[in-house]
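Keep in mind that the numbers below use all heavy atoms, side chains included, and drop hydrogens, waters and symmetry copies. A note on names: the letters A, B, ... follow the listed sequences, proteins ahead of strands, and every chain is numbered from 1.
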Amino acid sequence: MSAAIGLEDVFVRFPVARDWRGRVTVQAHALNGVSIAVARGRTLGILGESGCGKSTLAQVLTGLLPPSSGRVTGDRDGRISIVLQDPNSSLDPRMPVWRIVTEPVFLHAPTRREALRAMAADLLECVGLRPDHVDRYPHEFSGGQRQRIAIARALSSKPDIIILDEPTSALDVSVQAQILNLLLALQAELGLAFVLISHNVAVIRHFCDEVAVMYLGQIVEQGSVDTVFADPAHPYTRTLLDAVPRIGTGRAHHALDETELPSNRTLPTGCFFQNRCPMAAAGCERPQILSGGAGGHLVRCHRA
Amino acid sequence: MSIVGMLRRRLLFLVLVVFGVTLITFAVSHLIPGDPARLLAGDRASDELVAHMRLKLGLDRPLYVQYARYMAGLLQGDLGTSIRTGRPVAEDIVAYFPATLELVLTALTMAVLVGVPLGVASAVWRNGWIDQIARTFAAIGISTPAFWLGLLLLVLFYGWLGWFPGGGRLPTGMAPPPPVTGMYVLDAVLNLEWGTARAALRHLVLPAVCLGFVHVGVIARQIRSAMLDQLSEDYIRTARAAGLSRSRVILGHALPNAAIPSVTVLGLAFGDLLYGAVLTETIFAWPGMGAYVVNSIQALDFPAVMGFTVVVSMAYVLVNLAVDVTYMLLDPRIKEVG
Amino acid sequence: MTASPVLSIRNLSLEFPLWGGALHALEDVTIEIAAGEIVGVVGESGCGKSVTAMAAMRLLPERAYRVTQGAIVMLGQDMLTAGEADLRALRGSGVAMIFQEPLTALNPTRRIGDLMVEVIRAHQPIGRSEAREKAIGLLDSMRIADAQAVMRRYPFELSGGMRQRIVIALAFANDPRLVIADEPTTALDVTVQRQVLTLLQARARDVGAAVLLITHDLGVVSEYADSVYVMYAGKVVESGPTDAVLTTPRHPYTRALLQAGPEAVAPKSPLAAIPGGLPDLREIIPGCRYAGRCGLATDICRGAAPPQSQAAAPGHTLSCWHAEGMSR
Amino acid sequence: MMAALSRLASRGIDWRRLRHRIGASPVTVTGLVMLGIVVFCVGLLPNLLAQDPNVINLRARLAAPSWSHLFGTDEVGRDIFIRVLHGGQVSIGVALFVVAVSASVGTVIGGLSGLLGGMVDTAIMRLMDVVLAVPSLVLTMALAAALGPSLTNAVIAIAVVRVPTYVRLSRGQTLVVREAGYVMAARVFGARPLQILRLHVVPNILSPVVVQATLDVGAVILMVAGLSFIGLGAQPPAAEWGAMVSAGRSFILDQWWYSAFPGLAILFTSIAFNLLGDGIRDLTDPRQKGRS
């Protein structure tokens, strides 16, 4: 299994404020040394909360954003595709479905209208929509159907890898189930690699082979879904998994966690999580490295 | 960005604007059909006299030298000499400016006092009868040619009814009040010359109404749109759910927030107001900068037109700078972001 | 339940007139909340849970909707006939509301302290400094460190979680007996969600206020609500004590909803998606509104609406023709 | 439910519904009717009547409005009604031309500027700021004065001055569209900036531009008339509304109709465009949605 795409020690910084001469005075540190590799036919989950850098990661993977330092490996030409979070904004309201779905094709090669419409009809069928809906416009579809259209568009360029950026977080749980089923079926049929970016623990656990947990632009824990979720080693992963409300566990009596996410303008020295960490102790003031245990289970914590 | 940072940036920009405006106008002036030297010397002047004039004005030099001279003068506040009046343009402008300011300020005040309540009512009772009336009124205001309205006002209130004088700032023969601000009504009041104040006010009414009327519509429209934006915001719902009264929510929460973007529009309207002043002054024989520039244009008095353009552009940039500073002071969110 | 309820919605049907028809948003909705109780209303988008809350507060745009039957009584006040003055007195003091978006729910140009003082003084005849003291006390109760400094802040200077805590503090400013929270944590991260809901729950228990917690998240309901109403397409399909409804669901929709989540099956195996989508609420639906997606649906389901509130167990009711025939 | 409502309301063009909504907006209807009258009077009537606007009739000088001369006559006996009809072709034609040119140039520049960002954007916007920093009519006056007074020069000057408005408008809209998911997706799929501009940006920013352009027609009619009034636009004896008001100025106290009727024509036409623009804005306004 060769890597379809990978990142090597990628950093991304944005200018946030400039002085009157245009010199950057404040920077946002969106990614702080991220390395990942996605193998063909496999699914990598990126799990994290807002501000962890997962959207920036998607932009780097798709080539929309060059890394400030570090390297993107793998052949990206025309073989990477994307499905975005918000099905309302990801489809151009003024285009008929057949143009939306075939956009990745006609952008590069002028193709006859009939050929494009036929292709669109096939793709719609492929994602479980009626092929005779090619002339409709996005507003005529429900949220779940629009997300199917977005998936059809992602497939049209015959990609090896699809970045799924929170593909179901705008959907109801019953519709989310439809979309996840569709994606799994497509992967089995076409041998696609996926990178699923999500804040939803349950979705990642269900959908992915491997997971990378991100916090403040760093991967704090990485490994196969089974090991990471069965035996979370990083205190942040534990906090996150513990915070997910569960059905049938009875009334909650939680101790209050009053901490706040640090700003990414000036990064903390030492471990990024130490100010919120229940296990913080001596040694946490030093920067932590992502180091390995058995079976490729990596953790960025000296106390793990 | 801090306020100081913005000020620095904008003052740099002011220099750029003056440079750009003078450059454009100067370059274009080369195409001017008339010969300023001949105009100044008069129709029957000898060729020698014209040549002498040309030498004196520096018109024989290459254009870039003329431009450099002009800019050097500008730095010292010298805008050249008017061909028509024979006096320094800067002096002329200083002399005519207060009259225009008096007119513009009065008109703007009237427009705000009528336009803001109209816009608020229009937004609050959206699509109701008051909204329809207010919008129609705004459309009429925006569509009225100021010069034509001025003529109608003259016919009606001067020609037929005789309620107001037909032009000028004071009756012929009446001495202006001792200058403090240069605005007659204010100066007369400051000097307790009530008769003069009354007369000056009577002269001010028609031009100010003419100029202000057009801007009632502009302001009402802006306030309506900004109010609609604010009224659809979530925080309005929070305020209502917290049991604050309707009037409190509208006037205490929505209106101040709607005023913030409206301030910017007011700054931009300053330019239109000046243009309106040019036409209004022409009609009411109001001795301000507008009348001055129209006369200068007709006399092909290029230094005067140029001086007027430069001064007005600078004033415009400064007014908008002041507006932006106000904006930053009013809206706490601006300080944070770049 | 013996004490008179703080909120009683009875057989409420509500529609939004549209051009050439109407959107039948709510039909025969009955929800009752006793003093001090935390009640969850759960359902997917389009089920009418937010409309119910907005209607109860009379916050829907007045001319945009029509109540065709039913009654809403809140703290003894008939909400459908209440005048502006009655509403103002009730809102904020008797009943408070928390909305989904903490980013936009606070006036961006008003300092936190000024807004809190304004809201407190709108309902209590006290002076400015006394109101400030009270506001600081409220912020303290929301475990906001350095309340004095936060009073001088603007909303944009605070994080989403912090803002939502302030919104909650504001909701409790005038000792309400009922707090309606409409998806209060949907816009927040799970770790922050826990902070916010824990604070809301603790504060409501402390002062004996009832909470109407509207959410799409069954997990949230399970952890924080005493009883729950499950809504689908404008109707309440099942209700009862939270544990009973979520561990022994009786309505096919509740069951399907519980099974659709990724937690319900082994990783990578197909999820039990509910086929199809919401019915078009602009049309008159003679039968059960869930019939089109229900695996158990028969002719009677499509022909007539099932009776409301059939008892399945004490306090556990549902609306389904097949209540008897369903296996546990 | 709110989401469902807004989905219902955000359907595309439903003509019956649109007609209903236009009908519910008296302002729009009024604007449309008024524009219809203008089009009939200025577009058709002059051809139907077939009278020369410049025919001099010294026996009927400065005649008051009557059935033979609806709007009266001027100082050389020309029929003011006929001249107003013909003048409209000049005024409205010029305004439409100016708006069409400045709107299309401005939209393309603004769209590209917003899409490309970076140095290109900065340079374009600074240039526009300089043009905007000069009050539009002052610049027009200066240009017209420098180029010499003529209608053509006034038209050029006004067109130049109107461009930055559209650049700003379309750039602002482009910055919004640029963040939309469909543009992001198109970039991932390898679309070039010009393709994005053509496929996604222009179609999606068109409606605010159309609204602005409609409102602008009224404003430009006023600008042209104003310039003609102070002698910088159309030159006598051309039948142009502003020039006619100006010519009537010396007779205003006794022969009020001379100035009044051309001015009324300006007012009427400008109101028509303003009401229509206002109406279109409200119909395409997202805030209106869900309230039908």
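The greatest number of non-hydrogen atom pairs below 4.5 Å with chain A, out of G277(C), S269(C), A272(C), is found for S269(C). In terms of heavy-atom pairs under 4.5 angstrom with chain A, the leader among L218(C), L246(C), T247(C), L258(C) is L218(C).
In this structure, D172(A) contributes its side chain and S45(C) its backbone to a donor-acceptor pair below 3.5 Å. Judged purely by atom type and a 3.5 angstrom limit, N181(A) has no side-chain atom pairing as donor or acceptor with the backbone of P270(C). Without hydrogens or angle criteria, Q176(A) side chain to G261(C) main chain gives no donor-acceptor distance under 3.5 Å.
Note that NZ of K268(C) and CG of D209(A) are 3.5 Å apart. Values are rounded to the nearest 0.5 Å. Note that the CZ atom of R205(A) and the CD atom of E263(C) stand 8.0 Å from one another [nearest 0.5 Å]. Distance CG/L180(A) to CG/L271(C): 6.0 Å, rounded to 0.5 Å. To the nearest 0.5 angstrom, R276(A) atom CZ is 5.0 Å from T191(C) atom OG1. I247(A) CD1 to D243(C) CG: the interatomic distance, rounded to the nearest 0.5 Å, is 12.0 Å.
The interface of residues 212-235 of chain A with chain C, defined by heavy-atom distances below 4.5 Å, is empty.
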Kindly determine whether S222(C) and R246(A) satisfy side chain to side chain contact (heavy atoms under 4.5 Å, CB included), including the steps that lead there. CA-CA 7 Å; S222(C) 173; R246(A) 275 178 203 79; over 6 Å; no

Can you check side chain to side chain contact (heavy atoms under 4.5 Å, CB included) on D242(A) and R194(C), steps first, answer last? CA-CA 10 Å; D242(A) 181 54; R194(C) 169 155 297 176; 3.1 Å; yes

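Proximity to chain A (any heavy atom under 4.5 Å) is restricted, for A266(C), to the backbone atoms N, CA, C and O. With a threshold of 4.5 angstrom between heavy atoms, L184(A) approaches chain C through side-chain atoms but not through N, CA, C or O. If you measure heavy-atom distances from L188(C) to chain A, you find no contacts under 4.5 Å at all. Of the two parts of Q193(C), only the side chain, counted from C-beta on, holds a non-hydrogen atom closer than 4.5 Å to a non-hydrogen atom of chain A. Contacts between Q145(A) and chain C at a heavy-atom distance below 4.5 Å are absent for every atom of the residue.
Summarising the geometry of A273(C) relative to S174(A), their closest heavy-atom pair is CB-O, 3.8 Å, with the distance given to 0.1 Å. Here the closest heavy-atom approach between residue H206(A) and residue P262(C) is recorded as CB-CB, 3.6 Å. Pairing each heavy atom of V190(C) with each of E49(A), the nearest pair is N-OE2, 3.4 Å. Contact detail for Q178(A) and I274(C): the closest heavy-atom pair is NE2-O, 2.7 Å. Across A177(A) and A260(C), no two heavy atoms sit closer than the pair CB-O, 3.6 Å.
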Distance-only donor-acceptor hits, side chain of residues 195-204 of chain A, under 3.5 Å, sequence neighbours excluded:
| unit_1 | atom_1 | unit_2 | atom_2 | d |
| --- | --- | --- | --- | --- |
| S198(A) | OG | N200(A) | N | 2.8 |
| H199(A) | ND1 | E166(A) | OE1 | 3.0 |
| H199(A) | ND1 | E166(A) | OE2 | 3.3 |
| N200(A) | OD1 | A202(A) | N | 3.0 |
| N200(A) | OD1 | V203(A) | N | 3.2 |

